[in-house]
Amino acid sequence: MTAPGAPAAPVAVAGTAELVPVFVRLKLTLLRNGLRQSAGRRAVYIVSLVLTALLAVGLVLGLVALRGHAQAHTLVVLLLGVVALGWAVMPLFFPSGDETLDPSRLVMLPLRPRPLTGALLVASLLGIGPLFTLALALGSVISVAHGAVAVVTGVFAVPLTLLICVALARSVATANVRLLTSRRGRDLAVLSGLVIAVGIQFVNFGIQRLSAAGGLSSLEPAADVVRWIPPASALGAVGSASDGAYGSAAGQLLLAVGALVFLLWLWHRGLDKLMSSPDGSTVAAAGPDRRGAGAGRSGLSALLPEGRTGAVIKRSLRYVARDPKTKAAWVTALAVGMIVPVINAVQGVGSVYFACFAAGMLGMQMYNQFGQDTSAFWMVATTVSSARDAYAELRARALALLLITLPYTVLVAVVTAAVAGDWAALPGVMGVSFALLGGMLATGALASALAPYSIPQDGAFKNAVPGQAGLVWISILGGLLVSSVLSGPVIGLTVWLHVADLHGWLWVLLPVGAVYGAFLAWAGVRMAAPRTAERLPEILAAVSKG
């Protein structure tokens, strides 16, 4: 026992050699205990492992079959670059994918960042992702290695590639660990499905362009750049050694080694900062008001009208910025609304009027306005005592939506017309888009009053509670059909001008569509207001079920 007043005994700090087996056993133990929690979890893990193993074996066999092909090096370099990109971004979208290696759980232990980095690196090599990457690197080396020097280079390239990928993922995760465990990190997880869906669209477009361009030879310029970017540079060194360019091979291999050292240093620095700097649990959350007691309205608030209208607009925009479900719906509409018309214009298929798709996607955000409030709608309901109050509420929500949809609709129309090279159709596209948007604002206001439904908060991809799925489909599909009928006069005028060869009068569609769309939106909100006031108890009950 230490005598009173005597200095405390120093705490023993483990080194890397002592920590590695401990962390390996820790990861295996936590994995085993996690699989014991339920049979479903075990089944999912086993199926994932089997499918990954089969995919890895098939990938290796396919790469081995490419040995000797003229474009083998181009393919494997680009493939490895894509996999490395996945290692970099996946921790941001799936922050809970490997909870056993969360460094924030170790901050209270007497561990130094340097040995902790080594132990975590070794433990990170255990998993499905590293297995797949190892198979890809091994098959790639077999595919492009020709000659003794290339084989020796490949011996170093395989583990170097795997270590760079793992260090890249861990350095990104450590640098953003506070973000990934916060609300914004959960927002990223909600948006991950959107990013994957958008990425698939670009991959599909790339494959189509590749087929039209005549095969892998069109990708050689890109491969010439990627083979000098780690970790693909390690594989590029194998190809250079096979071609006898030993100087280039040495340079590419040194680039990979330098990248690994830099990532390990970055990871070490992130761990040091994480384990030594305070966070929100150790720093007082309450602080002086930065705005001051007499601060007035500033920023967006200064541009909005005072009273109920400005407050509702600001609240609606905050939902878009802060609520994960609302944000995911908006980002999906914005991304898909731009991608579909632009991709069609690039491919030279379809019409420039595909730009109206953006107005349709954005207009759907007007549907189920009260369901977006969930159970908090009761606070709004207490402020609605008449049709006039309901009209002010719906009008402000429609204005908040227009602050985003109007400029974005114009942007999509201009970009699509520019890519398609059909500037003469731009006024017609914008006129039809404005009419369609006005129709969807009208039907959306009515649907929000007549067919409200609850949006559950417990699942990232659940948009309605059980028993309300029919309301969702009736509201959206019925609204789209009625909106198309309501915008029929502008669509008919557009068709008539084209058929009659009166292209010089197409500019008329812009003011006509804008005025007609504004009228539809105003009329729809006016019609929905008394129904909203009458049905407040039913709306509150419907949106509070989740």
Of all residues at least two apart in sequence or in a different chain, which pass the side chain to side chain contact (heavy atoms under 4.5 Å, CB included) check with F156?
V152

Does the S242 side chain pair with the main chain of H146, one donor and one acceptor, at a distance under 3.5 Å?
yes

Suppose we screen for side chain to side chain donor-acceptor pair (under 3.5 Å). Which residues come up paired with R25, at least two apart in sequence or across chains?
none

Atom pairs and distances, side-chain donor-acceptor, residues 245-252, under 3.5 Å, sequence neighbours left out:
| unit_1 | atom_1 | unit_2 | atom_2 | d |
| --- | --- | --- | --- | --- |
| Q252 | OE1 | A237 | N | 3.2 |
| Q252 | OE1 | S240 | OG | 2.7 |
| Q252 | NE2 | R227 | O | 3.3 |

Which pairs would a plain distance check flag for residues 411-418, meaning a side-chain donor or acceptor within less than 3.5 Å of a matching protein atom at least two apart in sequence or in another chain?
| unit_1 | atom_1 | unit_2 | atom_2 | d |
| --- | --- | --- | --- | --- |
| T416 | OG1 | V412 | O | 2.7 |

With distance as the sole test, does T52 use its side chain to make a donor-acceptor pair with the main-chain N or O of L49 at under 3.5 Å?
no

Does any non-hydrogen side-chain atom of L66 lie less than 4.5 Å from one of V144?
no

Any residue meeting side chain to side chain donor-acceptor pair (under 3.5 Å) with S143, in chain and number order, not counting sequence neighbours:
none

Is a side-chain donor-acceptor pair under 3.5 Å present for S316 with R397?
no

Could you list the donor-acceptor pairs under 3.5 angstrom formed by side chains in residues 126-137, with sequence neighbours left out?
| unit_1 | atom_1 | unit_2 | atom_2 | d |
| --- | --- | --- | --- | --- |
| T133 | OG1 | W87 | NE1 | 2.8 |
| T133 | OG1 | G129 | O | 3.0 |

Just so I know, are the side chains of R269 and W265 near enough to count as touching, which here means a heavy-atom distance under 4.5 Å?
yes

I'd like to check V166 versus L162 (side-chain heavy atoms, cut-off strictly below 4.5 Å). Are they in contact?
yes

Just to verify, what does V64 make a side chain to side chain contact (heavy atoms under 4.5 Å, CB included) with, not counting sequence neighbours?
V60, I142

Do the non-hydrogen side-chain atoms of W330 and I404 ever get within less than 4.5 Å of each other?
yes

With sequence neighbours excluded, tell me which residues meet side chain to side chain contact (heavy atoms under 4.5 Å, CB included) with L264.
T117, L121, A167, L260, W267

